[in-house]
Student: 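Dropping a structure here in structure tokens format, bear with me for questions.
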Amino acid sequence: MNKHIELVKKWLDDKDSVTVKELRENTDAAYATYHTADESLAYHAAAEAADAAYQAAYWVKRYEELTEGEI
């Protein structure tokens, strides 16, 4: 079980279950683990998934902020 991937899966199931801060910290931790590992594919995948989740959360929030009140 990879805790970094599990956090991303949790976020995918419920976008409100994980904060943007948690996603950013997860990304940083996954990359740090990846860089100390033996180029492990699992950790690389976790880091990429964590970063993608963080990016998605960030841009969804920005979109909502920018379009608030337009509808």
Student: So, using side chain to side chain contact (heavy atoms under 4.5 Å, CB included) as the criterion, who are the partners of Val60 when residues are at least two apart?
Tutor: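 Partners of Val60 under the side chain to side chain contact (heavy atoms under 4.5 Å, CB included) test: Glu64.
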Student: Same hydrophobic cluster for Leu7 and Leu12, using side-chain heavy-atom links shorter than 4.5 Å among ILVMFWY?
Tutor: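 Yes: a chain of side-chain contacts under 4.5 Å links Leu7 to Leu12.
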Student: Considering residues at least two apart in sequence or located in another chain, which fulfil the side chain to side chain contact (heavy atoms under 4.5 Å, CB included) criterion with Lys61?
Tutor: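 Scan of Lys61 (side chain to side chain contact (heavy atoms under 4.5 Å, CB included), adjacent residues dropped) gives Glu65.
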Student: Name all residues meeting the salt bridge (charged side-chain N to carboxylate O under 4.0 Å, His left out) criterion together with Lys3; count only those two or more places apart in sequence or in a different chain, and write none if there are none.
Tutor: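 Counting only residues at least two positions away or on another chain, Lys3 forms no salt bridge (charged side-chain N to carboxylate O under 4.0 Å, His left out).
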Student: Quick one: list whatever passes side chain to side chain donor-acceptor pair (under 3.5 Å) with Glu48, sequence neighbours left out.
Tutor: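 Applying side chain to side chain donor-acceptor pair (under 3.5 Å) to Glu48 gives Tyr31.
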Student: Minimum heavy-atom separation for Tyr54 to Thr27, with atom names?
Tutor: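 Where Tyr54 meets Thr27 most closely, the heavy atoms are CB-OG1, 4.0 Å.
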Student: Does the ring of Trp11 carry Lys15 above it, NZ/CZ under 6.0 angstrom from centre and within 45° of its axis?
Tutor: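 Yes; both conditions hold, so Lys15 lies above the ring face of Trp11.
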Student: Applying side chain to side chain contact (heavy atoms under 4.5 Å, CB included), name anything that partners Lys10, two or more places apart in sequence or on another chain.
Tutor: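 So Lys10 forms a side chain to side chain contact (heavy atoms under 4.5 Å, CB included) with Ser17, Val18.
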Student: Can you tell me how far CG of Asn26 sits from CG of Asp51, rounded to the nearest 0.5 angstrom?
Tutor: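 Asp51 atom CG to Asn26 atom CG measures 10.5 Å (nearest 0.5 Å).
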Student: With rounding to the nearest 0.5 Å, note down the distance linking CG in Leu23 to CG in Asp28.
Tutor: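 Reported value, rounded in 0.5 Å steps: 11.0 Å.
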Student: According to side chain to side chain donor-acceptor pair (under 3.5 Å), who are the partners of Thr19, at least two apart in sequence or on a separate chain?
Tutor: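 Partners of Thr19 under the side chain to side chain donor-acceptor pair (under 3.5 Å) test: Glu22.
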